[in-house]
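Chain identifiers are assigned alphabetically (A, B, ...) following the order of the sequence lines, protein sequences preceding nucleic acid strands; residue numbering begins at 1 within each chain.
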There are 2 protein chains.
Amino acid sequence: MVGTVATTRERLLRAARELVEEGGYGAASVAAIAGRAGVASGTLYRHWPSKSELFVELFRSVCDREVAALVAVGRDLRGRSGVERIEAQLALFAERALRNPRLAWALIAEPVDPLVDAERLAYRKAYAQGLEDALRDAVAAGEVPAQDVELTAATLVGGVGEALVGPVSPLGAAGRDAAAVVAALRVFARRAVGAAPTGEVPTGEVHPAG
Amino acid sequence: MVGTVATTRERLLRAARELVEEGGYGAASVAAIAGRAGVASGTLYRHWPSKSELFVELFRSVCDREVAALVAVGRDLRGRSGVERIEAQLALFAERALRNPRLAWALIAEPVDPLVDAERLAYRKAYAQGLEDALRDAVAAGEVPAQDVELTAATLVGGVGEALVGPVSPLGAAGRDAAAVVAALRVFARRAVGAAPTGEVPTGEVHPAG
DNA sequence: CTTGCCCGTGAATCCCGGTTCACATCCTAG
DNA sequence: CTAGGATGTGAACCGGGATTCACGGGCAAG
């Protein structure tokens with residue numbers, strides 16, 4: 001079974017994902033999903049007990065990919081400073097979101113139904129957790145001042161998400177350069193956690209890492 | 001019209017607001033609104049052409065109050081520094097949101113329908129704009145480094161909103177002290193815009209209390 | 001008085017989208 | 001070849017919620 005034609009199940013999943021990417025959950029009705037997959041509505045129920053469960057599976061698979069990427073970054077930068085890891089994680093987050101804003105919005109915020117919302121929560125927590133860990137290290141290492149790491153992490157995740165896909169996003173308006181936005185967000189993040197400006201060491205002395 | 005008994009129209013608006021405060025838009029069906037207002041469903045259509053339009057009016061009135069409060073703060077602090085104004089605005093935002101999280105969530109994020117969503121956008125823009133203005137002043141005055149003010153403002157609005165009412169919010173979990181959260185957010189905001197730590201001059205280093 | 005308008009009623013209606021199910025079709029095991 | 005399971009079909013069904021409308025009652029103006 002190498003490079004086979006996609007099974008119906010896969011086609012349904014793909015159709016659902018595409019629809020969500022294009023128009024959010026609202027655009028992904030059973031009829032639309034089945035239609036795009038080239039099958040009848042009833043077919044969907046041969047593979048999932050309900051539409052919600054299809055969404056859960058879809059959501060989970062997409063999130064797993066995202067989180068995996070995040071974890072990979074964390075591993076690659078194991079030796080680096082906490083601040084560097086935070087920056088890298090947020091930059092990755094931003095880049096991926098910018099590449100597919102609709103999907104990002106669906107993953108980050110759009111409410112669907114309780115089942116999917118629970119998944120989303122887990123996803124977000126994973127994200128915030130990654131930041132939190134790096135931030136704690138940074139605090140311990142004296143790279144940044146002591147702070148409410150939980151709140152900082154949550155605010156960063158929310159803020160960056162918002163800035164990227166939210167309704168006030170400056171991106172929506174003019175077509176900005178994605179790379180520039182990512183760069184600006186890195187700077188923002190550095191400041192927000194209390195790190196010294198890029199490349200500099202905080203006025204010479206830092207507290208010994210303990 | 002001195003302290004008269006509420007008109008049916010007013011009772012409907014109030015009922016709708018209460019329902020949204022308690023359970024979000026989902027809980028505010030026509031039947032529920034009419035029921036709480038003590039009238040029949042059909043009555044609603046004597047006053048608005050559709051449910052959406054009622055929501056638009058409701059949304060607008062609530063937002064106007066919020067924005068008015070914001071503007072008032074801006075005016076009161078006219079003499080103060082840009083950073084102080086930013087802090088004050090965010091703190092106000094946070095306090096109000098914490099006082100009524102459900103409503104805040106509805107105003108900040110919960111999708112309803114295109115008509116209302118357009119209103120939300122205006123509201124958010126007003127908010128971000130207030131921050132942006134203050135931030136620009138701060139940059140001009142040299143209180144904070146040059147930066148992408150638009151992006152900083154958007155990220156702050158989103159981040160604070162998220163931290164307060166979002167699903168990853170640390171508030172949801174343990175019952176935190178609202179005042180403490182507001183204080184932490186002020187600190188976060190100062191850092192995020194690049195201001196010196198409270199009351200200190202940029203030259204001194206900060207030490208974790210420990 | 002009576003005409004007409006505003007306001008209120010609530011059951012009927014409409015709409016939309018998820019879900020079901022009786023009926024093929026295909027494929028594999030026996 | 002045939003039975004039976006898996007898969008696919010799509011029209012019909014259903015529930016929930018917005019919207020309509022034929023039917024009063026009050027009330028001010030003519």
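- OP1 or OP2 of C:dC7 has not a single side-chain nitrogen or oxygen of B:T43 nearer than 4.0 Å.
- In the set D:dT9, C:dG8, D:dT20, the nucleotide with an atom closest to the side chain of B:Y45 is D:dT20.
- Atom CD in B:E53 sits about 15 Å away from atom P in D:dA18, given to the nearest Å.
- Under the 4.0 Å criterion applied to side-chain N and carboxylate O atoms, B:E150 and B:R136 are not assigned as salt-bridge partners.
- Distances from the side chain of B:R46 to the nucleotides D:dT9, C:dT9, D:dT19 place C:dT9 closest.
- Between B:S61 and B:R17, every side-chain heavy-atom pair lies at or beyond the 4.5 Å cut-off.
- OP1 or OP2 of C:dC6 has not a single side-chain nitrogen or oxygen of B:H47 nearer than 4.0 Å.
- Within residues 22-30 of chain A, the residues having any heavy atom under 4.0 Å from DNA chain C are, by residue number, A:S29, A:V30.
- Here C:dT9 presents its C1' atom at 13 Å from CG of B:L44, a figure rounded to the nearest Å.
- The distance between atom CG of A:D113 and atom C1' of D:dG16, rounded to the nearest whole Å, is 16 Å.
- For the pair B:A40 and A:G42, nearest-nucleotide mapping onto DNA chain C gives the more 5' position to B:A40.
- Side-chain nitrogen and oxygen atoms of B:S41 include none within less than 4.0 Å of the OP1 or OP2 phosphate oxygen of D:dA18.
- Ring orientation note: the planes of B:F93 and B:Y127 are tilted relative to one another, at an angle of 30° to 60°.
- Side chains of A:R191 and B:Q147 form a contact here, defined as non-hydrogen atoms less than 4.5 Å apart.
- A donor-acceptor pair under 3.5 Å is absent between the side-chain atoms of A:R102 and the main chain of A:V20, judged by distance alone.
- Salt bridge A:R85/A:D133: absent, no basic N to carboxylate O contact under 4.0 Å.
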